[in-house]
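I have placed the structure first, in the form of structure tokens, so that the comments after it can refer back to it.
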Amino acid sequence: MSSSRLLLFKTLWGWTASLEQACSSAESDRFDGLEVNLDHPCLEALNPEAIRRCVSDAKQHLILEIVTGGDYTPDLNGSPSQHLDQIQRGLERAMGLAPLKITLITGSDSWDEVEQHRFLDSVLDQIDSCSIPVTLETHRSRSLFDPWRMPAWLARHPRLRLTADLSHWCAVSERMMSPELPPIQAMAARVDHIHARIGHAQGPSVSHPFAPEWAEALESHRRCWQLFLDRSARPEQPITMTPEFGPDGYMPLHPFTAEPLADVQLLNAEMASWLRSTMLIPADPNRSR
């Protein structure tokens, strides 16, 4: 496995082949690991021991996503207690796969503020007993959907650690995120994992991050990510990023044929290569000079 303090992960969002093929593809594209939904079909076909062996044999790390509420957009009828039950069951299953990190996509934007804080307190209590780092993603339709609440909520919940996906906030707020904004400043030291997709003022995904028309969006995201790396780097944990261009309405389609404008597998590999050469890794303060 890579000894670099920056580890890059291949997303299995939209992946239709086996886990073994995913590991092989990740190795070919120089990824350090896989990020996968705990309920992904390629995991359902294997028992925990077989999953651990497959990932280990390929010298890959694993980041698991636990999604509550039925899907990435939660069922409006789901109560906080139901989400908490799903988190608990998910954490018990995830621990058996020995992941490097766990990301929670949880809660609902439909709950009132009192419910949100009570829910977050309960989630953080659950996380406290977990020996693997667990973060909550800044995902649309979820508890952390609103960037403007983030400074106050982080102050109220000092245990809260984040998976930063700024592309969702671009879509929610209808503007680009930049390092000068209060939410980005407030969260910078609390980010443990980054989803590296490029959003824009009218959506959560550009058609191609390296097309000249999206240069401003790419640079805006890069500056935020660099701030996160600078502020949140911890010697005991590698910095992790997952290029996360994907299907499901994120990638724009050609009219009538519904063919994607770009190949998301290639985009994620290209983004990983760009991140590897572009992001500046903070020096390890414990390393002898």
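The chain is numbered in sequence order, starting from 1.
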Derivation and outcome, side chain to side chain contact (heavy atoms under 4.5 Å, CB included), residues Met176 and His221: CA-CA 8 Å; Met176 292 305 306; His221 283 73; 3.4 Å; yes
All pairs passing ring pair (Phe, Tyr, Trp, His ring centres under 6.0 Å) where residues 13-46 contributes a residue, at least two apart: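 Counting only pairs at least two positions apart or across chains, the ring pair (Phe, Tyr, Trp, His ring centres under 6.0 Å) contacts touching residues 13-46 are Trp13-Tyr250.
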Do the charged groups of [X] and [Y] touch, with an N to O distance under 4.0 Å?
X      : Y      : value
Asp109 : Arg142 : no
Arg52  : Asp57  : no
Arg223 : Glu180 : yes
Asp192 : Lys101 : no
Asp32  : Lys10  : no

Find out whether [X] and [Y] are in side-chain contact, i.e. whether some heavy atom of one side chain is under 4.5 Å from a heavy atom of the other.
X      : Y      : value
Leu104 : Val123 : yes
Leu43  : Leu64  : yes
Asp146 : Trp153 : no
Arg190 : Arg231 : no
Phe9   : Leu62  : no
Asn37  : Leu12  : no
Glu270 : Pro243 : no
Met95  : Cys130 : yes

Is there a donor-acceptor pair closer than 3.5 Å between any side-chain N or O of [X] and the backbone N or O of [Y]?
X      : Y      : value
Glu27  : Ala58  : no
Asp165 : Thr138 : no
Thr278 : Leu275 : no
Arg30  : Ser273 : no
His139 : Thr106 : no
Gln202 : Ala171 : no
Ser25  : Gln21  : no

Quiz question: by atom type and distance under 3.5 Å, do the side chains of [X] and [Y] form a donor-acceptor pair?
X      : Y      : value
Asp71  : Thr73  : no
Asp230 : Gln226 : yes
Thr103 : Thr163 : yes
His208 : Glu213 : no
Glu35  : Thr11  : no

Neighbour count >12 (heavy atoms, 6.0 Å) for atom CZ, Arg159: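 More than 12 heavy atoms, drawn from other residues, nucleotides or ligands, come within 6.0 Å of this atom.
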CD/Glu44: more than 12 non-hydrogen atoms of other groups inside 6.0 Å: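 More than 12 heavy atoms, drawn from other residues, nucleotides or ligands, come within 6.0 Å of this atom.
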Evaluation steps, side-chain hydrogen bond (donor to acceptor under 3.5 Å, both in side chains), between Thr240 and His193: CA-CA 5 Å; Thr240 55; His193 182 46; 2.8 Å; yes
Full working for side chain to side chain contact (heavy atoms under 4.5 Å, CB included) between Ile194 and Leu229: CA-CA 9 Å; Ile194 297 169; Leu229 266 59; 3.5 Å; yes
Atom of [X], atom of [Y] and distance for their closest heavy-atom approach:
X      : Y      : value
Ser141 : Tyr72  : OG-O, 3.5 Å
Trp225 : Ile198 : CH2-CD1, 3.5 Å
Glu20  : Cys54  : CA-SG, 3.7 Å
Gly14  : Pro247 : CA-CG, 4.0 Å
Pro209 : Met271 : CB-CE, 3.7 Å
Arg5   : Pro282 : NH1-O, 2.6 Å

Joint cluster assignment, Leu124 & Ile66, ILVMFWY side-chain distance < 4.5 Å: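 They do share one cluster, since a chain of ILVMFWY contacts under 4.5 Å joins Leu124 to Ile66.
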What distance do [X] atom [atom1] and [Y] atom [atom2] have between them, rounded to the nearest 0.5 Å?
X      : Y      : atom1 : atom2 : result
Ser24  : Leu19  : OG    : CG    : 11.0 Å
Gln60  : Leu100 : CD    : CG    : 12.0 Å
Ile87  : Gln126 : CD1   : CD    : 5.0 Å
Glu92  : Gln88  : CD    : CD    : 4.5 Å
Met187 : Met177 : CE    : CE    : 10.0 Å
Gln116 : Ser110 : CD    : OG    : 7.5 Å

Candidate pair Arg118 and Asp112, rule salt bridge (charged side-chain N to carboxylate O under 4.0 Å, His left out), full reasoning: CA-CA 10 Å; Arg118 189 181 300 123; Asp112 65 38; over 6 Å; no
Parallel, tilted or perpendicular: ring planes of Trp111 versus Phe119, cut at 30 and 60 degrees: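 Judged by the thresholds at 30° and 60°, the geometry between Trp111 and Phe119 is perpendicular.
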Partners meeting ring-ring contact (aromatic ring centres under 6.0 Å, His included) with His157 (sequence neighbours left out):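 Residues passing ring-ring contact (aromatic ring centres under 6.0 Å, His included) with His157: His117.
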Salt bridge (Lys or Arg N to Asp or Glu O under 4.0 Å) partners for Glu219, two or more places apart: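 Partners of Glu219 under the salt bridge (Lys or Arg N to Asp or Glu O under 4.0 Å) test: Arg222.
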Leu227 and Ile184: CA distance, side-chain angles, deciding distance, side chain to side chain contact (heavy atoms under 4.5 Å, CB included) verdict: CA-CA 9 Å; Leu227 178 67; Ile184 304 302; 3.9 Å; yes
Check: Trp214 ring centroid to His200 ring centroid under 6.0 Å: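 Judged by ring-centre distance (under 6.0 Å), Trp214 and His200 do meet the cut-off.
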